[in-house]
Structures are given as C-alpha cells and as structure tokens.
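Each remark here refers to the structure printed beneath this line.
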Amino acid sequence: MGTVVFDLDGTLADTSGDLIAAANSRFIAMGHGNVLDPQRDGATAVRGVRAMMRLGFERLEMDASEDLIDAEFPLVVGAYGEAIDEKTYIYDGAREAVDALKSAGRKVAICTNKPEGLAEKLMQRLAFRTEFDALIGADTLPVRKPDPAPYAAAVDRAGGHVSRSVMIGDTETDRSTAEAAGVPCILVTFSPDGHAVSSLQPEALLHHYRDLPDLVTQLIGPA
C-alpha cells in the first residue's frame with residue numbers, strides 16, 4: 001500500500017500571498033505600511049508567522065523581543081484566518097497526483113506546522129480536504145515538526161505504516177522530519193525556495209506533480 005505524507009504551505013499550495021497580507025496588516029496597524037513583499041518574501045512566509053514578523057521588524061531596524069513576536073502572533077493568525085484563501089492556490093498537478101496515488105491504492109495524509117484548525121479551514125475552502133485520509137497540524141500533538149511524532153501520527157491515522165511511507169515537503173524542516181522518522185523525503189522545487197532545496201540532499205526532487213507517483217514507487221515500492 002504505502003502512505004504519502006504532504007506538507008501543506010509551499011508543498012501542496014502557495015499560501016505565501018495570504019500569509020504576507022496578514023503580517024502586513026499588523027505592520028500597517030503599527031503605522032509602518034506594507035513591510036513585506038509577496039514576491040521577495042515568499043520563502044519566509046511559508047516558514048510561518050514568527051519568521052515573517054522577525055523579518056519585518058529587522059527590515060524596520062527594530063529590536064523586536066520574543067515577547068513582542070509572541071504578542072503579535074495571535075493577531076496575525078486572526079487576520080490570516082479572516083482571509084485565508086484570497087490569494088492561495090493549489091500547485092499545478094497536485095490534485096491529479098493525489099488522485100493517481102489514491103487510485104493506485106496509496107494512503108495520503110497532511111502533516112503541517114500550520115495550526116490544525118487553520119489547515120482544516122484552508123483545505124476545505126480549497127475543496128481539497130476530503131481527498132486526504134488524515135491531517136495533523138502544529139497543535140494536534142504537544143510537539144510539531146521536525147519532531148517525528150506528528151509525521152508518525154499522520155501515517156497511523158491514515159491507516160498506513162511508517163516503514164512504507166514518504167515525506168513530501170519544501171523546507172529543511174520537512175527534510176529533518178523525514179530523517180528523524182527514518183523515511184525518504186521528496187522536496188519540491190516549485191515552492192518559494194525553488195531549487196535551493198537541492199542542497200538539503202533529499203532522496204528525490206519533484207519539479208512537477210505529474211512525476212510524483214513514479215517517484216513514490218521508486219522510493220517505497222509499488223502500492
């Protein structure tokens with residue numbers, strides 16, 4: 001059978017536009033305008049709210065404490081939740097690839113560091129939630145990626161076995177998660193980080209979703 005576990009932000013969907021808009025809403029409220037740029041800062045956006053806020057404060061040459069970052073976090077998350085799918089889109093071929101994996105008998109799951117409630121809301125808004133057998137978010141368990149426990153939980157809830165699973169992601173966090181879980185990793189090259197992920201030496205690189213079913217077979221065997 002085999003289980004394919006996907007990251008969400010930067011892997012299944014480009015969420016950077018809505019994430020940056022939410023962060024900028026806070027900088028605007030503080031009187032600084034749009035500090036982050038959707039084109040230039042996409043790679044930071046898919047690393048989460050705290051990474052965006054740190055970059056914004058650095059760009060403003062402000063010495064922002066972690067207490068300030070923590071205080072801003074729920075405000076950015078709130079703004080993001082209000083406009084979670086205005087600019088977000090599923091990557092080309094992702095829906096078809098998931099359908100092909102399921103048709104071949106694979107289980108598919110999501111393991112993301114986005115809060116579970118937001119991940120569920122986004123996938124439902126994108127009409128892409130029911131295709132997945134399980135979804136584990138940043139707050140589903142007491143730990144988050146790169147700890148392997150969320151990954152293992154995603155595989156287990158999907159009805160699979162970690163020994164026959166593979167991680168699909170786009171960042172060092174996903175690579176480290178796969179290493180901690182002892183499973184192969186495929187990193188996409190069409191996320192904001194682009195081909196730079198090759199330096200992480202994953203077991204495979206994915207340039208387009210049409211190639212995913214074959215890569216999965218190569219790494220964990222036939223379904």
Side-chain angles (χ1 to χ4, degrees), residues 1-13 15 46 90-120 122-124 126-191 197 200-223:
M1 180 174 60
T3 305
V4 183
V5 180
F6 295 83
D7 174 53
L8 204 172
D9 300 78
T11 298
L12 281 172
T15 58
V46 296
I90 298 293
Y91 284 118
D92 186 43
R95 295 181 190 272
E96 293 80 3
V98 169
D99 284 344
L101 291 168
K102 289 171 64 83
S103 295
R106 308 283 190 189
K107 296 292 186 179
V108 292
I110 294 171
C111 183
T112 175
N113 274 350
K114 184 189 290 296
E116 181 181 345
L118 288 178
E120 288 281 2
L122 177 60
M123 293 300 288
Q124 290 168 11
L126 295 173
F128 200 26
R129 174 62 181 93
T130 57
E131 286 81 355
F132 292 87
D133 301 297
L135 186 154
I136 299 292
D139 52 357
T140 306
L141 302 180
V143 294
R144 54 189 281 174
K145 297 187 297 183
D147 190 292
Y151 178 90
V155 175
D156 182 65
R157 293 188 187 187
H161 300 281
V162 170
S163 61
R164 288 209 64 207
S165 67
V166 58
M167 175 84 218
I168 317 298
D170 69 304
T171 65
E172 184 176 1
T173 296
D174 298 314
R175 180 67 176 121
S176 297
T177 301
E179 289 179 339
V183 302
C185 180
I186 299 172
L187 295 180
V188 305
T189 61
F190 41 78
S191 73
V197 295
L200 300 174
Q201 299 183 321
E203 279 68 33
L205 294 171
L206 180 64
H207 307 301
H208 191 282
Y209 265 112
R210 71 172 69 91
D211 303 319
L212 182 60
D214 287 342
L215 285 177
V216 169
T217 298
Q218 292 170 26
L219 290 176
I220 64 172

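Side chains are part of it too, since the values below use all heavy atoms of this structure and drop only hydrogens, waters and symmetry mates.
Val188 has its side chain within reach of Leu206: a pair of non-hydrogen atoms, C-beta onward, lies under 4.5 Å apart. Thr173 is not listed as a side-chain neighbour of Arg144, based on a closest heavy-atom distance of 4.5 Å or more.
The shortest non-hydrogen separation linking Ile220 to Gly2 is CD1-CA, 4.1 Å. The two residues Ala13 and Ile90 make their nearest non-hydrogen contact at CB-CD1, 4.0 Å. Between Gly10 and Ser191, the closest heavy-atom pair is O-CB, 3.0 Å. Smallest separation of non-hydrogen atoms from Ala104 and Ala223: O-CB, 2.9 Å. Nearest approach of Ala119 to Leu135, heavy atoms of both residues: CB-CD2, 3.9 Å. Between Leu122 and Thr15, the closest heavy-atom pair is CD2-CG2, 3.8 Å.
Residues meeting the side-chain hydrogen bond (donor to acceptor under 3.5 Å, both in side chains) test with Arg164, sequence neighbours left out: none.
Between the CE atom in Met167 and the CD1 atom in Ile186 there is a gap of 10.5 Å [rounded to 0.5 Å]. One finds the OH atom of Tyr151 at 12.5 Å from the CD1 atom of Ile136 (value rounded to the nearest 0.5 Å). With values rounded to the nearest 0.5 angstrom, Lys145 atom NZ is found 4.0 Å from Asp174 atom CG. For the atom pair CG of Asp92 and CZ of Phe190, the computed distance is 9.0 Å after rounding to the nearest 0.5 Å. Taking CD from Glu172 and OG1 from Thr177, the interatomic distance works out to 10.0 Å, rounded to the nearest 0.5 Å. For the atom pair Ser176 OG and Asp147 CG, the distance stands at 11.5 Å (nearest 0.5 Å).
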Only pairs under 3.5 Å count here: list side-chain donor-acceptor contacts from residues 209-217, not counting sequence neighbours, and write none if there are none.
residue : atom : partner : partner atom : Å
Tyr209  : OH   : Thr11   : O            : 2.7
Thr217  : OG1  : Arg106  : NH2          : 3.2
Thr217  : OG1  : Pro213  : O            : 3.2

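At distances below 3.5 Å, not a single donor-acceptor pair connects side-chain atoms of Asp133 with backbone N or O atoms of Ala109. No side-chain donor-acceptor contact under 3.5 Å links Arg175 to the backbone of Ala178. Of the possible donor and acceptor atoms, one in the side chain of Lys102 sits under 3.5 Å from a partner among the backbone N and O of Glu131. Within the 3.5 Å criterion, the main-chain N or O of Ala100 finds no donor-acceptor partner in the side chain of Ser103.
Applying the 6.0 Å contact sphere to NE2 of His161 captures no more than 12 heavy atoms from other residues, nucleotides or ligands.
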Take Asp170 and Tyr91, measure what side-chain contact (heavy atoms from CB on, under 4.5 Å) needs, and give me the verdict at the end.
-> CA-CA 13 Å; Asp170 69 304; Tyr91 284 118; over 6 Å; no
